[in-house]
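Report on the following structure.
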Amino acid sequence: MVKICCIGAGYVGGPTMAVIALKCPSIEVVVVDISVNRINAWNSDQLPIYEPGLDDVVKECRGRNLFFSTDVEKHVYEADIIFVSVNTPTKTRGLGAGKAADLTYWESAARMIADVSKSDKIVVEKSTVPVRTAEAIEKILNHNSKGIHFSILSNPEFLAEGTAIQDLLNPDRVLIGGRETPEGQKAVQALKEVYAHWVPEDRIITSNLWSAELAKLVANAFLAQRISSVNAVSALCEATGADVSQVAYSVGKDSRIGTKFLNASVGFGGSCFQKDILNLVYICECNGLAEVANYWKQVIKINDYQKNRFVNRVVSSMFNTVSQKKIAVLGFAFKKDTGDTRETAAIDVCKGLLGDNATISIYDPQVTEDQIQRDLAMNKFDWDHPIHLQPLSPASVKKLRVTWDAYEAAKEAHGVCILTEWDEFKQLDYQRIYDNMQKPAFIFDGRNVIDPKKLREIGFIVYSIGRPLDPWLENLPAMS
Ligand code: UDX
Ligand code: UDX
Ligand code: ADP
């Protein structure tokens with residue numbers, strides 16, 4: 001029986017291993033993590049992450065050929081194939097601070113693998129890493145005096161949160177990068193056989209190690225670039241009276257461009273896009289490619305611009321101040337169908353509103369009050385470095401409420417901001433919300449989920465990203 005061990009039971013490691021276990025009953029899969037809480041949660045009925053379809057997959061396999069454990073060393077020792085799926089946040093200090101990936105967790109995992117192994121193993125990079133990380137890992141692993149050989153593979157994960165199980169069951173492609181040596185190719189073949197249990201052969205791509213590492217960063221940069229492009233256009237639409245949904249629809253119908261990922265929004269979030277682009281930028285800079293670095297940096301700048309623009313809209317629409325006004329925030333996660341809040345646009349928007357002295361009341365179906373408090377207390381880039389946590393100022397704490405009910409959040413509010421595209425926000429009784437709000441009642445739709453026409457009929461003043469403005473909003477000071 002082939003044994004797989006995955007180090008890191010997070011958003012990537014957990015779902016990926018669950019699907020491998022589901023599709024490969026002849027393989028034993030053990031997911032290990034240093035966090036006792038995380039492993040306990042994976043072994044309970046309340047999984048540590050919310051992901052549609054994940055519960056069923058875990059229920060079917062757990063205890064059969066899928067196990068979760070904190071005994072990292074034992075399972076690494078026993079495994080034939082080791083996936084490394086630990087966090088690789090952006091460095092907060094030292095060389096490359098704010099851009100380069102922090103490989104501390106990766107390096108310590110590699111050293112531990114070298115220490116405990118007694119037989120040849122395949123080590124698979126699953127978490128996104130800067131190009132040529134495999135070379136460094138290879139050095140750590142293969143400079144052992146035990147005569148053990150490690151083959152390093154890069155097998156980046158392309159799943160998106162909220163659709164992880166579907167993406168894993170039916171991937172556009174699986175990418176496996178390896179050394180072009182006979183041992184390297186043997187390792188590629190071994191991993192290919194795992195995926196071949198359910199992925200058609202023509203969707204399993206093989207490449208050299210560096211191409212695989214770079215392809216992941218570039219894929220995320222291209223995806224984020226589409227959103228920043230359409231978000232840049234949304235500002236122009238608001239200025240001219242064009243409708244970004246109509247523009248994006250027409251543009252996307254060109255099959256060279258494609259229809260997906262052209263939804264204008266308050267800004268992209270998530271653990272990958274910003275981090276991976278910063279990483280790409282840093283690699284370009286290190287290679288003396290300043291123009292290329294600047295080109296990709298612009299994708300992040302437009303994203304920051306879009307978040308600021310949204311806050312400015314809210315404030316300027318409401319008579320240039322939100323001080324002492326109650327703003328309801330619907331949705332805090334970085335996208336629907338996940339409880340993940342890493343780098344969510346909601347953090348910047350809420351901080352902006354609190355900075356203007358608003359009182360905010362937040363509702364998200366999957367995010368806890370504790371999580372929101374922590375997110376708002378963190379500085380940029382601190383998500384994976386909780387050491388730097390600064391408590392929210394007492395004044396801000398007083399101005400922040402988290403509720404478990406959208407109607408409660410909106411009660412007596414002056415304005416409502418929709419920041420995540422949860423399906424349930426389309427079904428809300430907006431007449432009821434309007435009746436319980438202060439007048440004039442504003443709604444700022446950062447995800448274009450509601451029908452502005454219907455809401456205007458109720459009496460709301462409506463702002464939607466990139467759509468023709470209400471007369472009310474038209475003659476406000478220029479947005480920048
Ligand atoms: C373009 C648009 O494609 C077309 O829809 C519009 O109506 C007019 O402008 P055109 O300029 O004729 O058409 O050619 P296009 O195929 O778009 O190529 C433009 C340039 O991009 C060419 O120099 C082409 O060589 C280059 N190109 C295109 C690349 O360098 N790489 C590519 O992958 C595609
Ligand atoms: C992304 C990549 O899609 C995935 O392939 C990679 O493995 C990890 O990073 P993820 O961050 O989970 O996945 O979510 P994604 O669906 O890409 O959304 C990222 C952000 O972009 C979200 O905040 C989302 O709301 C936003 N977005 C997405 C838009 O604003 N508009 C769109 O059209 C699409
Ligand atoms: P991702 O979104 O990439 O999956 P997460 O932060 O959700 O990232 O998951 C990474 C996991 O890796 C965390 O649960 C963390 O505790 C775990 N981890 C980090 N370093 C190690 C290590 N040396 N050994 C085992 N687990 C580790």
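Order of listing sets the numbers, starting from 1, for every ligand and every atom in it. All of these numbers come straight from a predicted model, not from anything done at the bench.
Between Asp56 and Lys59 no salt bridge is recorded (no basic side-chain N to carboxylate O distance below 4.0 Å). Look at Glu238 and Arg313 and you find a salt bridge, because one of the NZ, NE, NH1 or NH2 atoms lies within 4.0 Å of a carboxylate O, short of that distance. The existence of a salt bridge linking Glu125 and Lys216 is excluded, since no basic side-chain nitrogen approaches an acidic carboxylate oxygen closer than 4.0 Å. Between Asp370 and Arg374 there is a salt bridge, with a side-chain nitrogen of the basic residue lying less than 4.0 Å from a carboxylate oxygen of the acidic one. Ion pairing between Asp80 and Lys3 fails under the 4.0 Å rule for side-chain N and carboxylate O.
Every N/O-N/O distance between Ser271 and ligand 3 stays at or above 3.5 Å. The shortest N/O to N/O separation between Arg256 and ligand 1 falls below 3.5 Å. For ligand 3, the polar-atom distance check finds no N/O of Glu161 at less than 3.5 Å from any of the ligand's N/O atoms.
Aromatic ring centres of Phe222 and Trp296: separated by under 6.0 Å.
The closest side-chain heavy-atom distance from Phe444 to Ser317 is below 4.5 Å. Residues Val19 and Leu169 form a side-chain contact, since some pair of their non-hydrogen atoms from C-beta on lies under 4.5 Å apart.
Comparing Pro48, Gly8, Ser35 against atom 12 (O) of ligand 3, the shortest heavy-atom distance belongs to Gly8.
For ligand 3, the atoms sitting less than 4.0 Å from at least one non-hydrogen atom of Gly10 are 4 (O), 5 (P), 7 (O), 9 (O), numbered in the order shown with element in parentheses. Near Ser108, the atoms of ligand 3 lying under 4.0 angstrom from a non-hydrogen atom of the residue are 23 (N).
Side-chain N or O atoms of Glu213 include one that pairs as donor or acceptor with a backbone N or O of Ala134 at under 3.5 Å.
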Short N or O separations between ligand 2 and the protein, below 3.5 Å:
| from | atom 1 | to | atom 2 | distance (Å) |
| --- | --- | --- | --- | --- |
| ligand 2 | 5 (O) | Phe158 | O | 2.7 |
| ligand 2 | 7 (O) | Glu157 | O | 3.2 |
| ligand 2 | 7 (O) | Phe158 | O | 3.4 |
| ligand 2 | 7 (O) | Leu159 | O | 2.9 |
| ligand 2 | 7 (O) | Lys216 | NZ | 2.9 |
| ligand 2 | 12 (O) | Glu161 | N | 2.7 |
| ligand 2 | 14 (O) | Lys335 | NZ | 3.2 |
| ligand 2 | 16 (O) | Lys335 | NZ | 2.7 |
| ligand 2 | 23 (O) | Gly269 | N | 2.9 |
| ligand 2 | 23 (O) | Phe334 | O | 2.7 |
| ligand 2 | 25 (O) | Phe334 | O | 3.4 |
| ligand 2 | 25 (O) | Arg447 | NH1 | 2.6 |
| ligand 2 | 30 (O) | Ser265 | OG | 2.6 |
| ligand 2 | 31 (N) | Asn263 | O | 2.9 |
| ligand 2 | 33 (O) | Leu262 | N | 3.4 |
| ligand 2 | 33 (O) | Asn263 | N | 2.9 |

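Distances from ligand 3 to the non-hydrogen atoms of Arg342 include at least one value under 4.0 Å.
Applying the 6.0 Å contact sphere to CG of Asp423 captures more than 12 heavy atoms from other residues, nucleotides or ligands.
For Ser127, no heavy-atom contact with ligand 3 is shorter than 4.0 Å. Here Val12 has heavy atoms under 4.0 Å from ligand 3 in both its backbone and its side chain.
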